[in-house]
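Note that the structure is predicted; figures quoted are calculated from it, not measured.
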Protein chains: 4
Amino acid sequence: MPKISDEKRAARRAQILNAAWTCFQKEGLHATTMDDIIKASGLSAGAVYSYFPGKSDLILAAVTTSLTDLTALVLPLFSVSPPLSETELLRQITANVARFSMREGFDLRRIALLGWSEAQRDDKLRATMNGFYQAFRARLVQAAEEWKKRTPDGASVSEEDVAKTLLALILGFVVQSAIMGDVEPENLESGLDGLARLRG
Amino acid sequence: MPKISDEKRAARRAQILNAAWTCFQKEGLHATTMDDIIKASGLSAGAVYSYFPGKSDLILAAVTTSLTDLTALVLPLFSVSPPLSETELLRQITANVARFSMREGFDLRRIALLGWSEAQRDDKLRATMNGFYQAFRARLVQAAEEWKKRTPDGASVSEEDVAKTLLALILGFVVQSAIMGDVEPENLESGLDGLARLRG
Amino acid sequence: MPKISDEKRAARRAQILNAAWTCFQKEGLHATTMDDIIKASGLSAGAVYSYFPGKSDLILAAVTTSLTDLTALVLPLFSVSPPLSETELLRQITANVARFSMREGFDLRRIALLGWSEAQRDDKLRATMNGFYQAFRARLVQAAEEWKKRTPDGASVSEEDVAKTLLALILGFVVQSAIMGDVEPENLESGLDGLARLRG
Amino acid sequence: MPKISDEKRAARRAQILNAAWTCFQKEGLHATTMDDIIKASGLSAGAVYSYFPGKSDLILAAVTTSLTDLTALVLPLFSVSPPLSETELLRQITANVARFSMREGFDLRRIALLGWSEAQRDDKLRATMNGFYQAFRARLVQAAEEWKKRTPDGASVSEEDVAKTLLALILGFVVQSAIMGDVEPENLESGLDGLARLRG
DNA sequence: GATGAATGAGTCTTCATTCAT
DNA sequence: AATGAATGAAGACTCATTCAT
């Protein structure tokens with residue numbers, strides 16, 4: 001098969017995935033019907049099914065894609081030089097999540113909530129998400145190790161726990177802003193600072 | 001059958017809600033059919049529908065109940081004397097959430113994830129959840145005010161932001177432990193401490 | 001059993017029938033649920049079922065009642081002295097039907113259409129209605145005989161056919177005014193006159 | 001399955017409509033279940049629903065079709081040359097209705113009664129039927145104008161009222177023959193004649 | 001390969017009727 | 001005798017998936 005065909009295949013896949021994403025976000029995972037996606041994609045039912053064996057695969061692919069896109073957005077933040085401080089990293093990550101959420105009608109936060117819910121039922125999806133979050137947290141652990149090295153008297157700090165705490169803050173930011181809608185990256189930065197000062 | 005007593009009505013309602021909760025948790029909100037709930041409740045379809053007008057009401061009631069139960073569990077923590085410190089409050093809240101999650105096979109965290117997802121589609125549910133979280137965060141603001149008073153040099157701390165940050169930590173704990181399953185209340189306590197020390 | 005009890009029974013029956021009539025008219029025969037009637041009657045389900053074995057009996061009774069009421073309204077017209085002319089009788093009958101239709105929200109024409117439709121399915125109802133219409137047409141035949149006697153040269157007139165024609169006019173008036181709503185008794189009188197003149 | 005031809009689509013539609021008509025007539029409009037129609041049509045539920053969005057549309061289409069078929073049967077009678085007399089037109093119309101009623105097991109009169117009843121509840125259906133009868137009556141008015149022109153001394157005749165009277169006779173014929181079953185076109189012709197003679 | 005019509009098991013919900021209290 | 005909660009068999013309609021053309 002010539003190369004064009006492969007490109008076309010990839011384009012078609014992206015086209016379907018895009019349609020699925022839009023629908024999922026607007027209607028939720030279960031309220032979206034295959035027909036919605038088929039219509040939105042502009043292809044035929046048979047065509048869609050030739051790219052994805054079933055609805056659950058489409059869901060998995062959509063969530064995976066959004067996770068991958070997010071990774072591409074966030075990973076560079078770990079490699080800037082000089083490395084970002086904890087406060088700065090948290091602010092940038094949450095800011096990126098918030099910014100990504102506004103893009104072209106795709107709200108990453110909604111997709112995240114939908115995905116978490118679906119992961120309760122779908123083993124494959126849960127495994128995929130788990131893997132992604134593990135990898136992400138591993139990067140946070142690495143970053144924490146860096147900060148630790150630079151901190152005199154930081155030997156007793158658990159980089160694992162710091163990573164878990166940062167991840168909790170990020171995920172909690174996603175939920176809180178999706179449900180309540182009145183949280184900005186700066187709030188966490190200020191709150192974290194306040195919390196430290198209140199503890200003395 | 002003559003008029004049923006109020007207690008019996010309430011008991012029946014609870015019986016149905018209990019069945020629904022069990023099913024929702026096992027299967028997810030949409031994958032659970034009314035028939036599942038009907039069978040699990042041990043009642044007839046008509047009986048279930050005489051207590052709840054439809055499936056969405058059952059979902060709303062199930063989520064509301066779990067939210068109410070959680071409130072009952074967590075609210076007392078704000079009233080202990082002497083008041084808990086921020087670290088202690090966070091640890092106790094997350095510990096209660098984790099403990100509640102293990103109770104009688106009901107996992108509050110799963111219900112929470114399912115509810116958040118459903119709230120994207122169901123306006124009534126979203127309003128209910130929003131109200132609950134607003135009230136909860138207001139209590140956190142109050143607590144932060146207390147801490148602020150006791151902190152010399154704490155005047156510039158934003159209690160709003162502290163509350164948002166604590167809520168983010170709690171919600172993030174729920175997500176992280178539901179999806180990844182390897183987070184304990186102590187991790188957040190230690191991580192928050194480490195974070196403060198790394199910041200200098 | 002004392003007399004009071006019987007009276008009470010009759011009153012209850014009427015109360016139920018009244019409720020049924022109102023519902024049937026507003027919603028149609030099938031769209032009306034037993035619960036609608038029960039609620040409208042102010043009695044309990046059991047009470048209603050102790051007076052009428054089932055919904056079809058209620059329908060039969062409601063139609064029969066309306067037919068009976070109509071009879072009471074129309075029959076006297078055949079006994080007035082001196083007897084009414086054909087034109088006058090037709091006008092008075094249709095006028096009574098129209099007037100009855102306006103009474104207290106009960107529209108006899110609607111009940112008639114509903115009853116005819118139901119009679120297609122319900123043998124008992126069909127038999128009842130058939131009997132009523134036969135009796136009514138027999139009265140028309142009698143009236144036609146009278147007119148015939150008074151008409152010189154009327155020997156060859158078929159009183160049966162005159163009666164069928166008058167009945168067709170009355171029933172057609174009911175349908176036309178129920179569906180189209182722009183027919184008055186006078187129209188038929190004038191139309192019949194015109195028809196005669198056009199025939200030469 | 002590739003795109004189906006227009007003829008095939010129309011044939012399928014007719015097939016379903018035919019099944020619906022048969023069922024409606026046998027069982028009545030509401031007693032007929034979608035499953036009855038689906039079974040009778042030989043198609044699947046999904047197929048039927050892809051041609052008709054719901055039961056009420058099927059009812060509307062069935063009634064509309066029967067009305068259209070009837071129009072095709074009756075309209076030519078208004079265009080014969082030389083024009084039919086009032087008596088003749090009435091006889092031919094009723095005769096056609098009666099004949100149509102016998103065709104292939106479809107009884108137009110029953111459909112008419114069912115439709116009138118349903119029109120009480122269904123606005124769309126009522127509007128459709130009203131439109132049809134208005135058009136039909138307009139043709140009767142036209143015919144009456146013709147008769148009027150040919151009648152010396154006919155100037156004062158109201159063609160509107162003549163049309164309303166003729167329509168009442170036709171509709172009344174339908175009801176009377178459907179419910180009582182002992183009326184023939186000739187009866188009306190003779191009765192109308194007798195009525196004129198009795199009036200002097 | 002692509003199409004989209006067709007499938008049919010499955011969903012939520014209703015409602016005439018019963019019968020325990 | 002009266003009540004009204006409970007029953008459960010239908011009913012209308014949906015939708016992921018297939019496969020004839």
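- Residues passing the side-chain contact (heavy atoms from CB on, under 4.5 Å) test with Arg121(D), sequence neighbours excluded: Glu27(C), Ala31(C).
- Taking atom CZ of Arg9(D) as the reference point, atom C1' of dT3(E) lies 15 Å away to the nearest angstrom.
- Heavy-atom nearest nucleotides on DNA chain E were determined for Asp35(C) and for Ser44(D), and the one closer to the 5' end corresponds to Ser44(D).
- Atom CD of Glu7(D) is separated from atom C1' of dA5(E) by 16 Å (rounded to the nearest Å).
- Residue pairs satisfying the ring pair (Phe, Tyr, Trp, His ring centres under 6.0 Å) criterion with at least one member in residues 36-64 of chain C, sequence neighbours excluded, are absent.
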| said: Reading 5' to 3' and counting Watson-Crick or G-U wobble pairs with both distances under 3.5 Å, write the dot-bracket notation for DNA chain F, | for bases paired outside the strand. | reply: .||||||||||||||||||||

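- Whole-Å rounding puts the His30(B) NE2 to dA16(F) P distance at 12 Å.
- By the side chain to side chain donor-acceptor pair (under 3.5 Å) test, Asn18(A) pairs with no residue at all, sequence neighbours left out.
- A donor-acceptor contact closer than 3.5 angstrom links the side chains of Thr33(D) and Asp36(D).
- The separation between Lys8(D) atom NZ and dA20(F) atom P is 14 Å, rounded to whole Å.
- Atoms NZ (Lys39(D)) and P (dA9(E)) sit 11 Å apart, rounded to a whole Å.
- Across the protein-nucleic acid pair, Ile37(D) atom CD1 and dG11(F) atom C1' stand 12 Å apart, rounded to whole Å.
- The salt bridge (Lys or Arg N to Asp or Glu O under 4.0 Å) analysis of residues 49-66 of chain D, with sequence neighbours excluded, yields no pairs.
- Atom CG in Leu29(B) sits about 15 Å away from atom P in dT11(E), given to the nearest Å.
- Residues Ala20(C) and Leu58(C) come closest through the heavy atom pair CB-CG, 4.1 Å.
- Nucleotides of DNA chain F nearest to Ile38(D) and Leu43(C) differ in position, and the one nearer the 5' end is that of Leu43(C).
- For Leu114(D), the side-chain contact (heavy atoms from CB on, under 4.5 Å) test picks out Ser117(C), Gln120(C), Leu29(D), with sequence neighbours left out.
- Set against dT14(F), dT17(E), dA5(E), the side chain of Met34(C) has dT17(E) as its closest nucleotide.
- Less than 4.0 Å separates DNA chain F from at least one heavy atom of each of the following residues of residues 47-59 of chain A: Tyr49(A), Gly54(A), Lys55(A).
- The side-chain contact (heavy atoms from CB on, under 4.5 Å) search around Ala45(D) returns Ile38(D), not counting sequence neighbours.
- Rounded to whole Å, atom C1' of dA2(F) lies 17 Å from atom CD1 of Ile4(B).
- A search for side-chain contact (heavy atoms from CB on, under 4.5 Å) contacts involving Leu67(A) returns Val63(A), Met129(A), Phe132(A), not counting sequence neighbours.
- Considering only the side chain of Arg12(A), dA2(E) comes nearest among dT17(F), dT18(E), dA2(E).
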